[in-house]
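Just follow the structure's listing: the first ligand is 1, and inside any ligand the first atom is 1.
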Amino acid sequence: MQVHVFENAQQVGQAAATLFAAQILRKPNSVLGLATGSSPIGCYQKLIEWHQAGILDFSQCVSYNLDEYCGLPVEHECSYHAFMQDQLFHAINMKETHVPDGNAKDLNAECKRYDAAIQAAGGIDMQLLGIGRNGHIGFNEPASQLTYGTQIVNLTESTIQANRRFFESEADVPRQAISLGIGGIMNAKEIVLIAMGEDKAEAIRDTVYGDINPMVPASILRTHPHVTILVDQAAGKLL
Ligand code: GLP
C-alpha cells in the first residue's frame with residue numbers, strides 16, 4: 001500500500017487524476033471504477049481539463065460506479081446518476097457509463113446483473129474510492145462480516161448524517177443504497193483511495209494502521225496488492 005500525504009485537497013485531486021490519466025494512456029479501453037461524494041470532484045475536474053486539452057480520450061473506456069441510493073429518482077439532483085452526469089460524464093466522451101439502478105423493481109436481480117456486467121467487461125482496471133467517516137467504502141458500512149457481491153445496504157446513522165448536507169432535510173436522505181461489495185471492490189486490479197479533511201483523519205489512521213477488520217471496511221484494502229492512498233494534511237494528520 002502506497003500512502004501519499006499532500007499539502008492540500010487540490011493536490012490530492014490532481015494526483016488521483018494523474019494515476020487515472022496514466023491508466024487510460026496505458027490502456028485506452030480501460031474499465032474504470034468511479035465514485036461519488038465531494039472527494040472525487042477535483043480529480044474529475046482535472047480529467048475534464050485534460051480531455052478538453054486533447055490529452056485524454058475516453059472513447060474506448062467504460063465506467064462502472066460504485067453505488068447509488070435506493071428509491072431516489074435518477075433525475076433527483078442528489079442521485080449518483082445526476083452527480084456523475086454533472087461532475088464528469090457531460091464533459092467527456094466515455095464510451096459507456098454504468099451506475100447501479102437503485103429503482104429497479106427487483107433489486108436483488110439488479111445486484112446480480114451489475115456484478116455480471118462488470119465481469120463481462122473484464123473486471124475493473126482502476127477503482128477510485130472515497131472513504132466515509134466511519135471507514136466505509138462504496139456504501140459498505142462497518143459490519144461484523146465482509147460483503148462480497150453488489151448488494152442492498154442499510155445506511156448507518158453516521159452516513160445519513162454525513163450525507164444530509166446534500167438534501168433539504170434529514171428525512172429526505174435515503175436509508176438504503178445499492179453498492180458494490182467489498183469483494184467486488186477488491187477484485188479491481190488497482191485501487192486509488194482519496195480523502196480530504198479532518199473528519200476523515202481517524203478513518204484513514206484506522207485504515208492504514210488499525211486491525212484489518214470489517215468494522216473498518218477500508219482496512220481490508222491492506223490485503224490488496226495495488227492500493228494507493230492519497231490524502232491531504234488534514235486527513236493524514238494522525239498518520
Ligand atoms: C458516500 C459514498 C462514498 C463516499 C462517501 C464520502 O457515502 N457512497 O462512496 O466515499 O460518501 O463522501 P465525501 O467524499 O463527500 O466525504
Side-chain angles (χ1 to χ4, degrees), residues 6 8-13 15-17 32-46 63-72 74 76-84 86-88 98-102 111 114 124 126-143 147 150-167 170 172-182 184-186 188 191-204 206-207 216-221 227-232 234-236:
F6 294 93
N8 58 54
Q10 208 190 346
Q11 292 167 335
V12 174
L32 307 175
L34 300 179
T36 50
S38 46
S39 309
I41 292 176
C43 169
Y44 294 157
Q45 282 170 352
K46 274 288 157 200
S63 69
Y64 286 87
N65 261 78
L66 273 173
D67 48 11
E68 175 58 289
Y69 290 114
C70 289
L72 203 60
V74 289
H76 191 288
E77 57 179 3
C78 294
S79 82
Y80 287 171
H81 279 79
F83 176 95
M84 289 308 298
D86 293 350
Q87 298 297 334
L88 183 65
H98 303 267
V99 181
D101 180 3
C111 293
Y114 203 68
I124 292 170
M126 184 172 274
Q127 175 69 57
L128 182 63
L129 292 177
I131 186 169
R133 293 174 193 172
N134 58 6
H136 77 240
I137 46 177
F139 265 133
N140 294 284
E141 298 282 26
T147 54
T150 296
Q151 56 192 264
I152 306 305
V153 290
N154 295 319
L155 304 186
T156 61
E157 202 44 44
S158 149
T159 300
I160 292 166
Q161 290 309 327
N163 291 354
R164 192 238 164 283
R165 68 191 192 277
F166 300 112
F167 291 85
E170 191 187 316
D172 293 332
V173 185
R175 269 38 186 180
Q176 281 195 319
I178 177 168
S179 177
L180 222 71
I182 299 283
I185 293 172
M186 291 291 285
I191 296 176
V192 179
L193 183 145
I194 55 177
M196 298 90 159
E198 213 175 326
D199 60 345
K200 302 291 173 69
E202 285 182 15
I204 290 296
D206 295 348
T207 298
V216 181
S219 68
I220 311 296
L221 299 176
V227 177
T228 306
I229 296 192
L230 309 170
V231 299
D232 68 358

Task: side chain to side chain contact (heavy atoms under 4.5 Å, CB included) partners for Ala15, two or more places apart - done: Phe6, Leu230
Pairs of donor and acceptor atoms involving the side chains of residues 35-45, under 3.5 Å and at least two apart or interchain, shall be tabulated with distances.
unit_1: Ser38; atom_1: OG; unit_2: Arg165; atom_2: NH2; d: 3.2
unit_1: Tyr44; atom_1: OH; unit_2: Ala35; atom_2: N; d: 3.0
unit_1: Tyr44; atom_1: OH; unit_2: Ala35; atom_2: O; d: 2.6

Open item on the list: Parallel, tilted or perpendicular, judged at 30° and 60°: which one describes the rings of Tyr69 and Tyr80?
Closed with: tilted
Open item on the list: Checking Gln151 now: which residues fulfil side-chain hydrogen bond (donor to acceptor under 3.5 Å, both in side chains) with it, not counting sequence neighbours?
Closed with: none
- [ ] Please confirm whether the backbone N or O of Gly197 pairs with a side-chain atom of Asp232, one donor and one acceptor, at under 3.5 Å?
- [x] yes
Can you give me a line-by-line list of nitrogen or oxygen pairs between ligand 1 and the protein shorter than 3.5 Å?
unit_1: ligand 1; atom_1: 7 (O); unit_2: His136; atom_2: NE2; d: 2.8
unit_1: ligand 1; atom_1: 8 (N); unit_2: Asp67; atom_2: OD2; d: 2.7
unit_1: ligand 1; atom_1: 8 (N); unit_2: Gly138; atom_2: O; d: 3.2
unit_1: ligand 1; atom_1: 10 (O); unit_2: Ile131; atom_2: N; d: 3.3
unit_1: ligand 1; atom_1: 14 (O); unit_2: Ser38; atom_2: N; d: 3.2
unit_1: ligand 1; atom_1: 14 (O); unit_2: Ser39; atom_2: N; d: 2.9
unit_1: ligand 1; atom_1: 14 (O); unit_2: Ser39; atom_2: OG; d: 2.5
unit_1: ligand 1; atom_1: 15 (O); unit_2: Ser38; atom_2: N; d: 2.7
unit_1: ligand 1; atom_1: 15 (O); unit_2: Ser38; atom_2: OG; d: 2.7
unit_1: ligand 1; atom_1: 15 (O); unit_2: Arg165; atom_2: NH2; d: 3.0
unit_1: ligand 1; atom_1: 16 (O); unit_2: Lys200; atom_2: NZ; d: 2.6

Task: Option among Ile131, Val227, Ile229 that satisfies the side chain to side chain contact (heavy atoms under 4.5 Å, CB included) test with Leu221 - done: Val227
